[in-house]
2 protein chains.
Amino acid sequence: MDKVKRMPNRSYGQFCGLARALDTVGDRWNLLIVRELLPGPQRYNELKASLSGIATNLLAARLRDLEANRIVERRLADAGVSYALTPWGAGLREPIEALINWSAPLMITGRGDDSFQPRWLATALPALLRDVTADPTVELGIQVGDFLMTLRIDQTGPSVVIQPEQHPETILMAPPEAVLGLAAGALTTDQALTIGEMQGDREVLLTVFPSRRSNAAAALASALNSI
Amino acid sequence: MDKVKRMPNRSYGQFCGLARALDTVGDRWNLLIVRELLPGPQRYNELKASLSGIATNLLAARLRDLEANRIVERRLADAGVSYALTPWGAGLREPIEALINWSAPLMITGRGDDSFQPRWLATALPALLRDVTADPTVELGIQVGDFLMTLRIDQTGPSVVIQPEQHPETILMAPPEAVLGLAAGALTTDQALTIGEMQGDREVLLTVFPSRRSNAAAALASALNSI
DNA sequence: CCGCATCCTCATGGATACTG
DNA sequence: CAGTATCCATGAGGATGCGG
């Protein structure tokens with residue numbers, strides 16, 4: 001009846017950086033929680049809502065583990081608790097961005113029945129557009145849901161700023177499948193624009209400032225084709 | 001008795017690159033199998049031996065999944081099957097290297113009771129030394145176990161070549177904890193050299209070519225300190 | 001031998017109800 | 001709002017068997 005002693009925690013037991021990284025953040029939901037916290041701190045119920053489907057006991061357990069491993073820290077916000085990444089935890093941005101870039105072929109099938117949060121674009125777009133240079137300087141405001149950001153492409157490369165001051169004349173409102181499909185290279189810029197213009201009943205509206213429109217389309221096309 | 005229909009595969013169901021990447025390679029052992037195949041194809045039993053602790057049925061299942069997802073492909077070798085990465089599967093090198101870099105703080109505790117395979121250095125060392133430039137050109141042969149590689153640091157950055165032609169006068173034979181501890185910044189170069197020289201009974205021998213020794217130590221120190 | 005498949009046990013994940 | 005508690009389904013670990 002007394003079998004061999006069981007390992008208390010299921011570690012790979014390998015002296016390898018990858019194995020130890022996965023020992024720490026390899027459990028289910030862990031990296032998705034980190035992704036959720038990359039744009040900024042979140043409350044427990046915000047995390048629970050964004051990670052649709054996570055069991056509440058699992059979310060609590062994962063947050064406890066991540067806190068014990070110094071990846072996440074609890075902060076006392078007004079009227080509640082707020083979860084934020086430590087500097088080391090925020091260092092997971094690079095691996096996460098690398099996984100997002102690698103996964104581009106998995107995104108061209110479109111959204112399907114999957115859930116979507118505009119917040120995810122704040123991590124995905126900078127990753128997908130990294131190391132891309134465009135000839136003319138382009139600045140687009142992107143609004144998906146109630147999430148505002150500015151996509152800027154210039155000689156120094158592309159950058160995405162979250163929650164910028166609004167530029168109403170250059171706001172691109174698009175459904176997530178159009179934006180991410182475009183970002184993944186699934187659609188040409190023209191197709192994406194067409195989709196945006198065709199589905200007006202879904203509150204999809206494209207209003208790039210006219211004098212910049214061709215520049216924006218060309219820059220986006222060249223940027224996205226090189227992904 | 002008829003409950004809600006269960007999902008056949010446990011997908012996150014999120015339209016997000018990270019979530020879809022983890023749907024594909026997030027299951028336990030998957031990324032470690034990819035790491036094992038990064039330096040080159042491996043046989044089933046080689047994988048089973050390196051990944052000490054994996055259940056044989058799990059390895060078979062994971063290889064089937066990875067093959068179905070076009071990450072791994074089976075090749076008919078002489079007298080058996082050989083598993084190799086597809087080009088897309090090899091693209092996981094970047095996320096894996098990013099995780100290895102992120103995990104450096106987890107490596108400074110040393111090897112402990114963990115297992116070790118020299119093959120892992122072939123992925124870890126280039127990752128840890130990326131984006132580092134050294135002033136003088138340095139070339140070191142590193143032998144751990146029966147695994148030979150050349151670490152070269154010059155103006156174009158560091159590079160590691162596996163199984164090179166041997167340079168006996170610059171071979172550094174060191175225990176894995178010394179090499180990886182050094183790579184993780186746990187030890188200064190001098191300490192690592194001392195360890196190497198002190199533990200001769202463990203077949204630990206450091207014989208950097210004398211005229212290059214100071215250059216090598218300085219280059220390694222500056223390279224490793226900037227990690 | 002190599003490359004798995006089967007069987008069994010236990011740890012982990014998932015859904016829901018409940019509580020300070 | 002921010003979690004615990006509980007129960008059950010599923011997946012991992014380990015031993016063994018088995019055909020080529």
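Chain A is the first sequence line, chain B the second, and so forth, proteins listed ahead of strands; every chain is numbered from 1. As a basis for the values below, the full set of heavy atoms in this structure was taken, side chains included, without hydrogen atoms, waters or symmetry mates.
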Counting only side-chain N and O atoms of A/Y83, is one of them less than 4.0 Å from OP1 or OP2 of D/dG3? yes
What's the CG-P distance between B/L32 and D/dA12, to the nearest Å? 13 Å
Whole angstrom is fine here: how far is it from CH2 in A/W29 over to C1' in D/dG11? 16 Å
Give the rounded distance in Å between these two atoms: CG of A/L47 and P of D/dA2. 10 Å
Short of 4.0 Å, heavy atom to strand atom, which residues of residues 60-77 of chain A count as contacting DNA chain C? A/R62
Report the distance from atom CG of B/D27 to atom C1' of C/dA11, rounded to the nearest whole Å. 16 Å
Judged by modelled atom types alone, do B/S50 and B/E36 share a side-chain donor-acceptor pair under 3.5 Å? yes
Summary of salt bridge (Lys or Arg N to Asp or Glu O under 4.0 Å) pairs that have at least one residue in residues 12-22 of chain A, sequence neighbours excluded: A/R20-B/D114
Whether the B/Y44 and B/T56 side chains hold a donor-acceptor pair (N or O, under 3.5 Å, no angle test) is what I'd like checked. yes
So, is B/R28 near the phosphate of C/dT12, with a side-chain N or O under 4.0 Å from OP1 or OP2? no
Determine: side-chain N/O of B/N57 to OP1/OP2 of C/dA5, distance under 4.0 Å, yes or no. no
Is it the case that the side chain of A/T86 and the backbone of A/I71 share a donor-acceptor pair, with hydrogens and angles ignored and the cut-off at 3.5 Å? yes
For the residue pair B/F15 and A/F116, does the interplanar ring angle fall in the parallel (under 30°), tilted (30 to 60°) or perpendicular (over 60°) class? tilted
Check this one for me: any side-chain N or O of B/R43 less than 4.0 Å away from OP1 or OP2 of C/dG3? yes
To the nearest 10 degrees, the angle between the two end axes of the helix from C/dC1-D/dG20 to C/dG20-D/dC1 (five pairs per end) comes to 30°
